[in-house]
Amino acid sequence: MPAKTKKILVVEDEPSLVFTLQDTLENEGYEVHISETGSDAVQLVHDIKPDLMILDVMLPGTSGFEICKQVREDKFTFPIIMLTARDQEIDKVTGLNIGADDYMTKPFGVKELLARIQARLRRANSYSKTGPMDVITLGPVRIELNESQVIRPDGEFELTTREVELIRFLVGQANEPVSRDVLLEHVWRYEYSTNTRTVDVHISKLRSKIEMQPDDPRYLVTLHGVGYMLKLN
Ligand code: CA
């Protein structure tokens, strides 16, 4: 059976770029949908359920950031590649924080865009074999529990089996304080020679993988005198 045609939604207001993208992507066998103003982009996402979205930041009316944010709030997890003007570093940070997966700075080579689309679709395919809670997004950091992997803008990190168990347990108690004793009981099951210090050491190592600034954690926070808390939106 041939592979299902992948749908790509292009949200871009520059007619010449729209033309190039549509032509190139259709030649590669993708089904292409276009939104030229951005105002109907979120509705189109709901209607066509794309496999990937190419999203310009600067659009008339609604900005690419607003669209990205709304799409993630609506629980769509397909990859989003944002298009941004040259040297808009601030855009890059903002976009990754609101759930974009990748960036292309204009002007870009179409071949490079195609390579990134393929890479993102491959990765998205491996996500879809897993349940939704097997992929956790903490700002720019993506944690794939089934793959024991952390994917960050600056690289990829392997998780140990214990770290995966620890994250799974914390996700189950998200936004609630969890004491060290509770973690010892449920994650270490009171193994021989473990104590609360064991928990602290593991939390610290885990933070270095899942937090962009482990010394000033945003998600896996310490509650002094209480324990830890995983903050999820
Ligand atoms: Ca634009």
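Just so you know, ligand 1 is whichever comes first in the structure, and atom 1 is the first atom listed for that ligand. Keep in mind that the numbers below use all heavy atoms, side chains included, and drop hydrogens, waters and symmetry copies.
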Asker: Are E156 and R152 close enough, and set up right, to give a salt bridge (charged side-chain N to carboxylate O under 4.0 Å, His left out), and what steps lead you there?
Answerer: CA-CA 6 Å; E156 301 190 358; R152 306 173 19 163; over 6 Å; no
Asker: Assess whether a salt bridge exists between D102 and R116, defined as any Lys/Arg side-chain N lying under 4.0 Å from an Asp/Glu carboxylate O.
Answerer: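 Counted as a salt bridge, because a side-chain N and a carboxylate O are separated by less than 4.0 Å.
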Asker: Excluding sequence neighbours, so at least two apart, what forms side-chain hydrogen bond (donor to acceptor under 3.5 Å, both in side chains) with E36?
Answerer: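 Partners of E36 by the side-chain hydrogen bond (donor to acceptor under 3.5 Å, both in side chains) criterion come out as none, since no residue qualifies.
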Asker: Does one side chain, of Q22 or E26, offer a donor that lies under 3.5 Å from an acceptor on the other?
Answerer: yes
Asker: Under 3.0 Å from the Ca ion (ligand 1), which protein N/O/S atoms are there?
Answerer: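 Checking every protein N, O and S atom gives D13 OD1, D56 OD2, M58 O.
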Asker: Please say which of D216, T222, D215 ends up in a side chain to side chain donor-acceptor pair (under 3.5 Å) with R207.
Answerer: T222
Asker: Would you call K209 and E158 a salt bridge, taking side-chain N to carboxylate O under 4.0 Å as the test?
Answerer: no
